[in-house]
Structure formats: structure tokens, C-alpha cells
Amino acid sequence: MFPSSNSSFSPSAMFSVYASLSGSMMLFRSMLNDFVPEQLRSYIYENLMGRFFTPKSKNLTLIIDENSKFKKNQVYEAAEMYLRTKIGPETERLRVSKTSKQKHFTVTIAKGEAIRDTFEDFQVKWLCVTENEKSDKSDKAKRHYELKFEKKLRERVLDSYLNHVIAESEKIKKSLRVVNLYSRDVHGCRDDDGGGAGAGWGCISLEHPSTFDTLAMDPSAKKKIIDDLDRFLKRKEFYKRVGKAWKRGYLLYGPPGTGKSSLIAAMANYLKFDVFDLDLSSIYGNADLKRVLLSTTNRSILVIEDIDCNAEVRDREDEIQGSGKGRGKRKHRDDVDDESDDDQDSQLTLSGILNFIDGLWSSFGDERIIVFTTNHKDRLDPALLRPGRMDMHINMSYCTGLAFRTLVTNYLGIDGLNHPLCEEIEKLIDSTEVTPAELAEELMQDDDTDVVLRGVISFVEKRKGKKNKVKAKEDVSACKEVVTDKDDSHGKQSSMKNQKQAGKPKGRIMKRQKLT
């Protein structure tokens, strides 16, 4: 079959050798198919033949499935979110979607599209794969991502790159997240994450436009709040180390119209936290309160407005006296912890609220913020105000000159420093008491900037005049009280002197009679 080494390889000789080899291979394949079982043939082809004839690859491929043990795969969701920011002009096919709550389109890569990403000093390749799983009932699409890279980079990809992908996806998710406003008066809700709260909570999207940039507040106080919120977010391990629940309490107090609700909305928009607005009048007792509060979600702000006006929250002394009439006196402790009387579950008390704020139940959940608002701080029980319950007390006072600059920028679109009337207004505002809400109403009276600012000057001057008149009346009444007190004391002193003088001659006469 093969020519001798001395003879030359002519074309005819080469063709005869090729024909002989082809015939032998066809005969061997026919015998293999006839006498060797199919499973054994597959093993030979895939393992023995592939090992010797297939070159080894330098790359490694990670399969990232959409689901893991009937749950969403966090790595898959992070990759889907992360790859949205890596779509380049070379991508040919994309998927576009949008829900009613979303403000922007969601753009993802389509099946079969590949994206290359660079991290530190190496490059990886992502591939979107969709497979159809056929079953008796239906055909289901199974999706996954393939991440390809060099084998020598395995440790760096698993330890650094995938953590980078998850961290970046969390930032993107936070920026795109829709903040929800929860209330027990709203029926039905399901947020974009597929979650939600139970126990009768319903929600709508919180579309309040307030931010720290638009909030009419003293800049130093505003910065103090922002810094405190930033520290709170970064201190997960700190709270765990010191043995405290990861929560923070804020008390907002001040007269009406000073922006307490706007500050809460600004905090929610800044943190991307959901807001749970709790009306205590809808709570039947301490047990109901506990059930409702435990149904709130992590990364949320619990708000109880005008807590001093809630008749359901009684002073602790009243609780003790009221329950002592029928059941005997109850033990009273300064921090009012656990009370097991059945009467406590049938009514809402301040003790029940305090127990949830800093008792054993306060450790439920993470990243919780509790906000109480009041117009009269002095009416609140001191036990509610101590650190650990209300950690930061924020005085929402009357508007200042610096806060007025923010209002001018928001409503008139100008810089207050560059307008001659603003300096005069700031001096007037600092010398009187006027709320941001009142000034905001005046700034909307006309489209002409000069007309509006002159109207503000007139309004603030009238308010200052009224304040001066009230102060003058108070001073006059105070002077009258002082004069009345002096007259009363002078009258008492003169009557005492008259009595003494009337008594002295009698003594002298008696002495003279004794001498005679």
C-alpha cells in the first residue's frame, strides 16, 4: 500500500495511499457502529478521542444562572444591572422595557450578544445565553450569562471582579430606585423589587420633589443632618461591634410651616429609603402596634407626625393611675420596659411605643430611621426624648436670612447675593418671626422679580410691626404687674409700721404708771 522509500511520491502513489486509508477508516467506522454500543461510542469520542486531538483551552468560563435553588441568583441580577452601563456602539441587538412606575427605559443586551469589560489590568467577556427547556406542560426559557477569562485570572475574578460587579450594581439600583410612601389607608402595593410590606400597608410612589438642595434651612444645620445620615449608612459594623440596633431616631420640632414634612421627604430622596407614615389613631393596642411595625421593611423611615397631638399616647403616670384603679398599682420604672398585663394589649400606650423604639424588638431589621414631629416639644414625655430613642433633636425654627436665599433661588431662579433688595429682606427676616411657608407664598404672587421682592419686604415689615405691638403690650402688662406687686408690698410694709407705731406709746404709758 505504501511505496518504498527509494521510489518518489508521485501523484498517483499519493492518491492510492489516500484511497486505502479512507477505505480502512470507513470499514472501521462501520464495524464500530455495528458492534459497539452507542454509550460506549460516545465515551470514546468525547473522552479518548477529544483528549488526544482537541487542543487545551487557556480560557475558563463561569456559568451564572438566573435562578439558584428556586431563588433569584444575586450574581445574575447584579450582572444584568451592571452590564447596562457597559453597552457600547458595537452591540447590535438590545432589549428595551419600561413599567408604569419607572421614569426611564430599561435597556439590556439580547440573546447571543457579547460585551467585553476591563477591570484593573485584565479583560473579561460576557455572553448572554437563552436556552429553551421543553417539558410536557410548556416551553420555558432558561437564561444565563457566560463569563469568559484566562484561567490564570480565576482567583482575581472570583475575589475581586465579581464583588466589584455586585457593588456597582447596588449603586445603580439605588440611583434608579423608586421611593414608596406607605400608609395603612392605601390599599394594595407591590414595589419594583417584588417585595412590599404586610399588615395592611399599602403604598404609592413618593414623588415629593424636596431635596437638601431645595430645602429652605440654615446651611450649617442642613450639613449637620447630611453628615449624620452619611455616618449612619457607613456604620453597619460599628453598630454591631458596640451592640446596638442599626437604627437612628430624629425629633423634628418647631412651629407649623417650618418644613418638617419637606425635611422628611428630602431625607427619603437622599437615602432612597421608603417612608412608612403611621397614624396612631388606626392602631387598636400595643399588640397591634407591634404587628404593624414588624411588617415594615429594611432601609425605611418610620414617621409619626404630631406625636404630641395623639390622644392614644398617654403620659406614663396616667397609665399607672388609670390601670391602678381596676387592677392595682403597676410597677413603675424610668425606662418602662416589658409590661405583661392584658390591659396593655387592649389599648395603645406610650410604654408600647418606647418598648419598640429601644427595647428588645428594636433589633428587628436594619437601616431603620424613626422620625417624630411635634409643634410643642415641651409637651412630650422626657422618656421619649432621651438619647437612644430620639438621637438627634432638630429645631425647625423660623426662616433665617441664609435660608431665604434658597427660597429665592428655588422660586425666582436668581442668586440672592446679586439682587439689591435681598440684603434688606434678609436683615428684616433675621429681626422677626416668619416661616418659610409664608415667604414661599409671597414669592409666588407675581412673575416680576422686583414686584415680588417688594411685596416680601412689605409683608415682613407688617409682620415685624405686629410683633413689636404684641411685645409692647406684653411689656406694658408686665410693668403693670410689677407696679401692682410693688404697691402691694409697700402697702403691707406701711401697715406693719403703723401697727408697730401704734403699739409703742402703750408700752411707754404702762412703764410710766409703774414708776408712779
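Counting begins at 1 with the first residue of the sequence. Side chains included, hydrogens not; waters and symmetry mates left out as well; all remaining heavy atoms used. These figures come from a predicted structure and were not determined experimentally.
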Sequence neighbours excluded - side-chain hydrogen bond (donor to acceptor under 3.5 Å, both in side chains) pairs with any residue from residues 236-247: none
Donor-acceptor contact present, side-chain N269 to main-chain T211, <3.5 Å: no
Partner of D227 by side chain to side chain donor-acceptor pair (under 3.5 Å), out of R231, K223, K224: K223
Donor-acceptor under 3.5 Å (T258 side chain, M396 main chain): yes
Point-to-point distance, once rounded to the nearest 0.5 Å, from OH of Y250 to CD1 of I370: 11.5 Å
Salt-bridge criterion met for D274 and R177 (N-O under 4.0 Å): yes
Close side-chain approach of D117 to Y161, heavy-atom, < 4.5 Å: yes
Donor-acceptor contact present, side-chain D391 to main-chain G249, <3.5 Å: yes
Any side-chain heavy-atom pair of I109 and R95 under 4.5 Å: no
Polar side-chain atom of R405 near backbone of A216 as donor-acceptor pair, under 3.5 Å: no
Trace of the salt bridge (charged side-chain N to carboxylate O under 4.0 Å, His left out) decision for E305 with K260: CA-CA 9 Å; E305 294 187 291; K260 293 185 284 294; over 6 Å; no
Donor-acceptor contact present, side-chain R93 to main-chain K111, <3.5 Å: yes
Pair Y270, D230: side-chain N/O donor-acceptor within cut-off below 3.5 Å: yes
Residues, nucleotides or ligands: over 12 heavy atoms within 6.0 Å of K125 NZ: no
Worked check of salt bridge (charged side-chain N to carboxylate O under 4.0 Å, His left out) between K142 and E131: CA-CA 5 Å; K142 183 180 179 181; E131 298 176 349; 5.6 Å; no
